Amino acid sequence: MKFDINETLFQMLGAIKQTVGENWPEVKSAMNDFFQGRRTRLELLADFRIKNQITEVEFQSRLVDEKLLLNSELHVIAIISKAVAQKAANAAIDILNKAVKALIPF
């Protein structure tokens, strides 16, 4: 199986949509823009981990960075609470993490 960045981003957006609930219409455009801007970086990060070019520790560290950036982006929207922004960021990055882990050879 091959890593599919489009499907992963779709699922990440779905996790954010579910978390922000009724605020999704206000968040949708900003999140689409954010992920399109981060698409190449996330795809490279996943590819590096799947091919064991970076360690699990390095990968998790980069995911923390991505989660902080996403959390900050959600705060910019300013219509959702800090807790909801953090929960949405966690949910989205967890999907990326799971998608990559599923493809790492053991």
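Since the model is a prediction, treat every value here as computed from it, not as a measurement.
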Exercise. By the rule that ILVMFWY residues connect when side-chain heavy atoms come within less than 4.5 angstrom, directly or transitively, which residues belong alongside L68?
Worked result: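 V64, listed by chain and number.
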
How about [X] and [Y]: do any of their side-chain heavy atoms sit closer than 4.5 Å?
X   : Y   : value
I5  : T40 : no
W24 : L13 : yes
K17 : M31 : no

For this session: Given side-chain contact (heavy atoms from CB on, under 4.5 Å), test E66 with R38 step by step and report yes or no.
Result: CA-CA 9 Å; E66 293 300 323; R38 305 294 301 162; 2.5 Å; yes

Next on the checklist: Given L42, which partner from the list D47, L9, T8 fulfils the side chain to side chain contact (heavy atoms under 4.5 Å, CB included) test?
Outcome noted: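 With L42 as partner, D47, L9, T8 yield a single side chain to side chain contact (heavy atoms under 4.5 Å, CB included), made by L9.
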
To the nearest 0.5 Å, what is the distance between [atom1] on [X] and [atom2] on [Y]?
X   : Y   : atom1 : atom2 : value
M12 : E7  : CE    : CD    : 12.0 Å
L63 : N90 : CG    : CG    : 11.0 Å
L74 : I16 : CG    : CD1   : 5.5 Å

Would you mind writing out the side-chain donor-acceptor pairs for residues 93-100 within the sub-3.5 Å range, not counting sequence neighbours?
residue	atom	partner	partner atom	Å
N97	OD1	Q60	NE2	3.1

Residues that N52 engages under side chain to side chain contact (heavy atoms under 4.5 Å, CB included), provided they are two or more places apart
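Side chain to side chain contact (heavy atoms under 4.5 Å, CB included) list for N52, sorted by chain: R49, I104, P105.
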
Heavy-atom closest contact ([X] atom, [Y] atom, distance):
X   : Y   : result
E43 : F3  : CA-CE2, 4.4 Å
A91 : T19 : CB-OG1, 4.0 Å
F35 : A92 : CZ-CB, 4.2 Å

*Kindly say whether T55 contributes a backbone atom to a donor-acceptor pair with the side chain of E58 at under 3.5 angstrom?*
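Side chain of E58 to backbone of T55, a donor-acceptor pair under 3.5 Å: yes, one is there.
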
*So with a 6.0 Å cut-off around NZ of K67, is the heavy-atom count from everything else above 12?*
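Counting neighbours around NZ of K67, more than 12 heavy atoms of other residues, nucleotides or ligands fall under 6.0 Å, so yes.
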
